[in-house]
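So the structure is just underneath, and the comments pick up after that.
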Amino acid sequence: MVNVLWLQGGACSGNTMSFLNAEEPSACDLVTDFGINILWHPSLGVELGDNLQKLLWDCVEGRISLDILVFEGSVINAPNGTGTWNRFAHRPMKDWLADLSKAASFVVAVGDCATWGGIPAMAPNPSDSTGLQFLKRKEGGFLGKDYRSKGGLPVINIPGCPAHPDWITQILVAIATGRIADITLDELNRPQTFFKSFTQTGCTRNVHFAYKASTSEFGQRKGCLFYDLGCRGPMTHSSCNRILWNRVSSKTRAGMPCLGCTEPEFPFHDLKPGTVFKTQTVMGVPKELPTGVNKKDYALLTVVAKDATPDWAEEDIFTV
């Protein structure tokens, strides 16, 4: 039996809702098929008041084995480093985190807020929010860059706003079955299984991207979303178009641009009006280009690609 404790800090509960919709495996499968015991979860736990406090202290003091600590939401340090803006079970949440992270065999940060600070950490960051081991792309965060759990790993980061439900459950299964050593983490402590490729990998609009055939409207089934609508799929690491949401679709397949929510810089441009769903350009060249592409080559490629665009590249390939 593997004990999992799930806590929330500065969160909207979006990752909890995502987790409860997991399919491969589902949240129920974790319990019935993989021997996971959910000690407590904000939406599933039955302990309240004194009973919950006792459970938490039992984990801290070793009377209950804490195999996996899952944290959702940002770590709130305000005001003045006390963390009292986010109290839980008679203590600042950050104090529980400091104690429980020492007792946990593995720590998993779920969602942008827990991994990099997310939207709560946007300037001017009045809540003094941070992620568990990163603040945006800077190492450190709440636990410090040298933190290692009892299992010898740093915080395992599963970013996203929210994170894909199956990313969460599959990592929990990897830990529960003793296979976490087979998972390689990238420089941001993300499992490469899900975050080595780009969101563009598997995108149904790749042919439109190649021929610079654009769309300027949401919800359309043809045309690339990168050139006009600010899609960040070509420079965002995620498997959203390989492991589909609800096994059916993704943002780009539904005609909405990727917002890059698995990268520490999210939300890009600080969500300033007119910058989110609009590609920022200089003399027609996007300010931010796909990884490995320079502006000179991009400009040349654009001329060649548009001149070579076949008629079928403008057609709706999703016929019924």
Side-chain angles (χ1 to χ4, degrees), residues 14-15 17-18 21-24 111-112 159-167 193-263 265-269 271-281 284-293 297-320:
N15 290 285
M17 289 186 282
S18 183
N21 281 284
E23 294 183 274
E24 294 187 10
D112 270 8
C161 194
H164 192 296
D166 295 347
W167 300 344
T193 302
F194 307 122
F195 300 102
K196 186 173 184 178
S197 63
F198 292 97
T199 308
Q200 187 180 19
T201 306
C203 179
T204 54
R205 300 168 188 270
N206 277 339
V207 64
H208 301 117
F209 175 81
Y211 286 113
K212 306 298 183 287
S214 183
T215 182
S216 58
E217 298 181 34
F218 299 124
Q220 300 300 306
R221 296 190 294 183
K222 62 179 182 178
C224 183
L225 300 155
F226 170 73
Y227 302 105
D228 289 299
L229 294 179
C231 181
R232 302 198 61 80
M235 59 274 283
T236 297
H237 294 86
S238 87
S239 51
C240 290
N241 276 307
R242 291 191 294 113
I243 304 175
L244 298 179
W245 290 73
N246 297 322
R247 300 291 156 176
V248 173
S249 191
S250 68
K251 285 178 71 70
T252 57
R253 294 187 184 209
M256 288 294 292
C258 166
L259 291 180
C261 74
T262 57
E263 298 292 338
E265 291 78 17
F266 174 81
F268 292 90
H269 307 298
L271 301 180
K272 294 176 182 176
T275 64
V276 180
F277 296 118
K278 182 176 176 59
T279 300
Q280 307 298 302
T281 62
V285 177
K287 289 183 178 179
E288 297 170 273
L289 291 173
T291 301
V293 178
D297 290 344
Y298 175 88
L300 178 62
L301 182 63
T302 297
V303 174
V304 174
K306 287 191 173 182
D307 186 56
T309 303
D311 291 340
W312 56 261
E314 300 287 353
E315 297 177 359
D316 182 355
I317 64 174
F318 294 95
T319 57
V320 178

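Because only heavy atoms are used, hydrogens play no part in the values below, and waters and symmetry mates are left out as well, while side chains stay in.
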**Asked** Measuring from Met256:CE to Cys231:SG, what's the distance to the nearest 0.5 Å?
**Response** 10.0 Å
**Message:** Any heavy-atom pair between the side chains of Pro159 and Phe195 that's under 4.5 Å?
**Reply:** yes
**Request:** In plain terms, say whether Glu263 and Arg232 are close enough for a salt bridge, that is, a side-chain N and a carboxylate O under 4.0 Å apart.
**Result:** no
**Asked** Side chains of Thr262 and Thr236: do they bring a donor and an acceptor to under 3.5 Å?
**Response** no
**Item:** Ser214 versus Tyr227, closest heavy-atom pair with distance
**Value:** OG-CB, 3.7 Å
**Item:** Residue pair Gly233 / Cys258: nearest heavy atoms and the distance that separates them
**Value:** N-CB, 3.7 Å
**Asked** Does the side chain of His208 come within less than 4.5 Å of Thr215's, by heavy atoms?
**Response** no
**Sub-4.5 Å side-chain heavy-atom contact between Leu259 and Phe277** = yes
**Message:** Please determine whether side chain to side chain contact (heavy atoms under 4.5 Å, CB included) holds for the pair Asn241 and Thr199, giving the CA-CA distance in whole Å, both sets of side-chain angles, and the decisive distance to 0.1 Å.
**Reply:** CA-CA 6 Å; Asn241 276 307; Thr199 308; 4.0 Å; yes
**Message:** Give me the atom names and distance for the closest heavy-atom approach of Ala254 to Ser249.
**Reply:** N-OG, 3.9 Å
**Item:** Lys212 to Phe209 six-membered ring, cation-pi geometry met (6.0 Å, 45°)
**Value:** yes
**Message:** To the nearest 0.5 Å, what is the distance between OG1 on Thr204 and NZ on Lys222?
**Reply:** 14.0 Å
**Asked** Could you state the interatomic distance from CG (Asp112) to CD (Glu265), rounded to the nearest 0.5 Å?
**Response** 10.5 Å
**Fill in**
Of all heavy-atom pairs linking Pro165 and Ala22, the shortest is CB-CA, 3.5 Å
**Request:** Could you tell me which non-hydrogen atom of Ala163 sits nearest to which non-hydrogen atom of Ser18, and how far apart they are?
**Result:** O-OG, 2.6 Å
**Request:** Go through the side-chain N and O atoms of Arg205 and Thr252 and say whether any donor and acceptor fall under 3.5 Å apart.
**Result:** no
**Asked** Passes side chain to side chain contact (heavy atoms under 4.5 Å, CB included), Arg253 versus Leu244? Steps please.
**Response** CA-CA 10 Å; Arg253 294 187 184 209; Leu244 298 179; 3.6 Å; yes
**Asked** In Å, rounded to the nearest 0.5 Å, how long is the span from CD of Glu23 to NE2 of His164?
**Response** 8.0 Å
**Request:** Supply the atom-to-atom distance Phe226 CZ to Asn206 CG, rounded to the nearest 0.5 angstrom.
**Result:** 12.5 Å
**Request:** Specify the closest pair of heavy atoms between Cys161 and Cys261, including all atoms of both residues, with the distance to one decimal.
**Result:** N-SG, 3.2 Å
**Asked** According to the interplanar angle, ranging from 0 to 90°, do the rings of Trp167 and Trp245 count as parallel (below 30°), tilted (30 to 60°) or perpendicular (above 60°)?
**Response** perpendicular
**Message:** Nearest 0.5 Å, please: how far is OG1 in Thr193 from CZ in Arg242?
**Reply:** 8.5 Å
**Request:** Consider only side-chain N and O atoms of Ser216 and Asp228, and report whether a donor and an acceptor are under 3.5 Å apart.
**Result:** no
